[in-house]
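Just so it is clear: chains get the letters A, B, ... in the order the sequence lines come, proteins before strands, and each one is counted from 1. Bear in mind the structure is a predicted one, so any value in this text is a computation, not a measurement.
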2 protein chains.
Amino acid sequence: MGVTLKDVAERAGVSRSAVSRTFTDGASVSAKTRSKVEKAASELGYAPNALASSLTTGRTKMIGLIANNFHNPLILEVFDLFTRGLQDRGLRPLLVNLSDATDPADSVRMLRQYSVDGVIVASSTLPSSFALAFKAAGLPVVHAFGRYATAPDVHVVGIDNVACGRMAAEALVQRGYGRVAFLGGPRSATSTQDRVAGFLGALAGCPEVHVSASYASAYTFDAGRTEMQQLLQDTPAEAYFCGDDLLAVGALSAIHEAGLSVPGDIGLIGLNDMEMARWQMIGLTTIRQPVAQIIDAAIALVVSTIEDPGRPPETRLFPCRVVERQTLRALP
Amino acid sequence: MGVTLKDVAERAGVSRSAVSRTFTDGASVSAKTRSKVEKAASELGYAPNALASSLTTGRTKMIGLIANNFHNPLILEVFDLFTRGLQDRGLRPLLVNLSDATDPADSVRMLRQYSVDGVIVASSTLPSSFALAFKAAGLPVVHAFGRYATAPDVHVVGIDNVACGRMAAEALVQRGYGRVAFLGGPRSATSTQDRVAGFLGALAGCPEVHVSASYASAYTFDAGRTEMQQLLQDTPAEAYFCGDDLLAVGALSAIHEAGLSVPGDIGLIGLNDMEMARWQMIGLTTIRQPVAQIIDAAIALVVSTIEDPGRPPETRLFPCRVVERQTLRALP
DNA sequence: GGCCGGCTTGAAACCGCTTGCAATGACGGG
DNA sequence: CCCGTCATTGCAAGCGGTTTCAAGCCGGCC
């Protein structure tokens with residue numbers, strides 16, 4: 001069940017080198033040998049062993065794809081785009097799930113053992129130290145959805161979370177909300193930190209707006225719901241900027257359950273524009289991340305870093321925009 | 001940037017074989033050499049090249065994971081469980097996205113080139129010919145969420161879709177619905193065919209119940225919504241069994257938009273119990289697939305088939321159950 | 001006709017690791 | 001004290017490819 005180079009060579013009556021050459025482009029083979037080899041190969045159903053060739057070429061064409069929250073619907077889009085994008089370039093994704101807090105060092109070792117050509121970390125909650133560990137191991141790495149840095153240590157592709165916070169603040173102010181709040185994910189996530197910073201920063205110039213902040217324990221529906229239930233015990237704000245659509249939907253649920261209406265009693269704006277946000281019974285006003293662009297850039301960046309390992313770390317940020325639906329009151 | 005067996009051997013002052021043996025368990029090495037080798041290895045930061053060893057052992061410990069609908073939230077659960085399950089057994093998933101109808105032969109070739117040890121096809125919409133192609137290529141393969149067969153050609157793990165159709169029918173009859181209908185996914189999917197067969201079959205014995213069927217163009221929110229909008233033009237049934245939760249949510253949306261209520265005017269029961277089904281603003285009554293069990297069994301099956309390639313094809317089905325929420329009227 | 005240069009080709013070394021085999025050495029029993 | 005046994009070890013031959021190198025071949029030119 002394994003037809004090899006040698007088999008093809010024998011059947012075609014040529015040397016193994018000849019066969020190898022007809023399958024590596026840019027190598028010098030005469031049309032005649034090539035056709036002999038191709039005939040033999042197709043008769044035998046030969047396909048070169050990619051792993052064996054990786055031994056000498058040093059390229060496996062495999063890219064490690066690392067994610068840690070498999071429960072956020074956004075990751076669906078991410079996986080779809082990543083796998084397709086990689087496949088289009090003849091690369092294969094080796095998937096790593098960091099859900100259960102495994103030791104980062106383990107995954108680094110594992111990916112080195114499998115000699116992936118590069119690594120893409122797709123997470124807005126992992127610290128940058130994580131991507132750095134790959135870089136330290138000599139692997140080209142891109143942190144997608146990572147934190148912006150003026151002097152980055154590794155490639156970062158994503159959005160400007162501070163600007164998103166500002167954008168949310170503006171959206172709320174423009175609609176005349178006077179008491180607003182941030183409802184974020186875990187404080188430890190850089191995305192949370194940046195979003196709240198942008199949000200508060202933008203509102204620092206509006207003394208007439210009252211602002212507060214609280215944090216859910218995770219980027220999940222339940223956490224968002226629980227947190228909003230808490231908030232409803234007290235005097236809630238007029239509108240909330242939720243650090244993630246899942247949180248927003250959880251909050252929405254809590255508000256409905258409390259017999260209040262959105263946006264009548266409370267306004268809500270999320271972040272991500274996950275697929276479900278447009279479902280009519282949700283109709284979440286949110287800030288859209290340009291996922292496709294981010295992923296495309298991440299792949300492009302990892303590929304060019306594989307080709308030129310010396311390439312200095314780079315940050316690529318893509319603009320977000322507010323998607324207006326039905327959880328904020330209309331603009332005046 | 002690649003420390004090899006040889007480097008470790010030299011530093012430890014032993015032969016390459018000795019080093020190799022200390023890293024393969026079950027090999028005979030004295031405690032003394034072992035410790036020398038381990039010391040040298042850790043000093044050098046050595047990790048054996050899994051791909052190189054696969055050349056001689058014939059095992060890569062990589063499993064191909066094939067999916068074709070990256071937009072159904074259920075796949076999130078599937079990916080999470082699969083990656084974790086594989087990681088727990090020291091295996092790695094090589095992900096293949098079949099979204100864009102690529103030639104099956106291509107993926108077979110690709111997975112053979114990468115010498116995966118086995119393949120898991122996770123899809124309820126792919127024809128079984130697909131899994132068969134892998135088998136024909138000599139690869140151990142399990143079709144998860146595939147169609148039940150008494151004399152299967154490949155391993156199948158999943159649910160009894162016919163029984164699910166029956167279960168849905170019973171749920172509707174028990175609640176006294178007199179005009180019911182099936183709202184399925186694409187006719188070409190075996191899962192659709194089986195579900196409708198079970199549904200209609202169960203109702204064949206109830207002449208007092210009026211039953212009909214229609215099919216959405218895909219397993220998506222939009223398709224479900226569009227199909228329900230069509231149905232609402234005419235006289236809709238009292239309750240629908242939707243072949244997938246996504247369809248059900250789309251239908252739910254269409255019904256709301258038409259100013260009707262669920263379950264007041266129309267009842268809805270879905271299938272899958274995707275994560276969003278329990279969101280309060282959806283509250284979908286549905287039939288739950290035991291995804292975790294299915295995936296666990298799929299992994300177990302592929303692993304044992306790798307160990308014993310002669311193992312005859314097997315079918316493992318797991319029972320589903322109705323999850324009662326708020327889209328069907330209460331039991332009398 | 002002879003010579004030069006370029007395109008093809010095969011032999012052989014190597015990529016990093018495993019493993020069969022034979023040699024070595026330690027150890028216990030007779 | 002000698003010998004057989006057995007665990008340990010190193011050598012060397014692969015695993016399935018790629019690639020360097022030198023040799024072979026061809027046509028074209030003088």
Side-chain angles (χ1 to χ4, degrees), chain A residues 1-38 40-41 44-62 90 109-117 138, chain B residues 1-38 40-41 44-62 109-117 137-138:
Chain A
M1 81 137 268
V3 23
T4 79
L5 201 59
K6 186 153 145 273
D7 303 326
V8 178
E10 281 167 5
R11 174 174 258 255
V14 298
S15 74
R16 289 163 42 209
S17 334
V19 178
S20 172
R21 283 193 265 258
T22 88
F23 283 99
T24 71
D25 39 26
S28 135
V29 212
S30 69
K32 208 172 65 184
T33 7
R34 165 176 298 271
S35 80
K36 271 195 299 186
V37 169
E38 278 170 351
L44 260 40
Y46 169 74
N49 180 327
L51 270 21
S53 68
S54 85
L55 254 194
T56 44
T57 61
R59 291 285 161 82
T60 55
K61 298 193 168 204
M62 296 195 296
R109 192 148 34 85
M110 195 229 97
L111 288 175
R112 275 216 320 165
Q113 290 197 171
Y114 279 82
S115 353
V116 295
D117 290 345
Chain B
M1 79 135 268
V3 24
T4 79
L5 202 58
K6 184 153 146 274
D7 303 326
V8 178
E10 281 168 5
R11 172 175 260 255
V14 298
S15 75
R16 287 161 45 210
S17 334
V19 178
S20 172
R21 283 193 262 257
T22 87
F23 282 99
T24 71
D25 39 25
S28 136
V29 213
S30 69
K32 207 172 66 181
T33 11
R34 166 176 297 273
S35 80
K36 271 195 299 184
V37 169
E38 278 170 351
L44 259 39
Y46 170 74
N49 180 327
L51 269 20
S53 69
S54 85
L55 253 193
T56 44
T57 61
R59 292 284 163 82
T60 55
K61 299 195 165 200
M62 296 195 295
R109 192 148 35 85
M110 195 228 97
L111 287 176
R112 276 216 320 164
Q113 290 197 175
Y114 279 83
S115 352
V116 295
D117 290 345

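Contact annotation for B:Ser20: base contact, defined as any heavy-atom pair under 4.0 Å involving a base atom. Heavy atoms of A:Thr24 sit under 4.0 angstrom from primed sugar atoms or phosphate atoms, though from no base atom. As judged by a 4.0 angstrom heavy-atom cut-off over every strand, A:Ser30 is placed among residues touching the sugar-phosphate backbone only. In this structure, A:Val29 reaches the sugar-phosphate backbone alone: every heavy-atom distance under 4.0 Å involves primed, P, OP1 or OP2 atoms, never a base. Using a 4.0 Å heavy-atom criterion, one finds that A:Thr4 contacts the sugar-phosphate atoms exclusively.
Between A:Thr33 and B:Thr57, the one whose closest nucleotide on DNA chain C sits nearer the 5' end is A:Thr33. Each of B:Ser15 and B:Ala52 was assigned the nucleotide of DNA chain D with the nearest heavy atom; the assignment lying further toward the 5' end belongs to B:Ser15.
In terms of polar N and O atoms assigned as donor or acceptor, the side chain of B:Arg16 never comes within less than 3.5 Å of the base of C:dG16 in a complementary pairing. Between the side chain of B:Arg21 and the base of D:dG10, at least one donor-acceptor pair of N or O atoms lies under 3.5 Å.
The distance from atom CG of A:Asn49 to atom P of D:dC15 is 13 Å, rounded to the nearest whole Å. The distance between atom CG of A:Leu5 and atom P of D:dG14, rounded to the nearest whole Å, is 16 Å.
Formation of a donor-acceptor pair under 3.5 Å by the B:Ser20 side chain with backbone atoms of B:Arg16 is not found in this model. In this structure, the side chain of B:Thr60 does not engage the main chain of B:Ser54 through any donor-acceptor pair within 3.5 Å.
Among C:dG10, C:dT9, D:dT9, the nucleotide with an atom closest to any side-chain atom of A:Ser17 is C:dG10. For B:Ser28, the listed nucleotide lying nearest its side chain is D:dA7; candidates were C:dC17, D:dA7, D:dG17.
When all heavy atoms are compared, the tightest approach of B:Val3 to B:Gly45 is CG1-O, 3.8 Å.
Listed pair B:Tyr114 / D:dG16 fails the phosphate criterion, with no side-chain N or O lying under 4.0 Å from OP1 or OP2.
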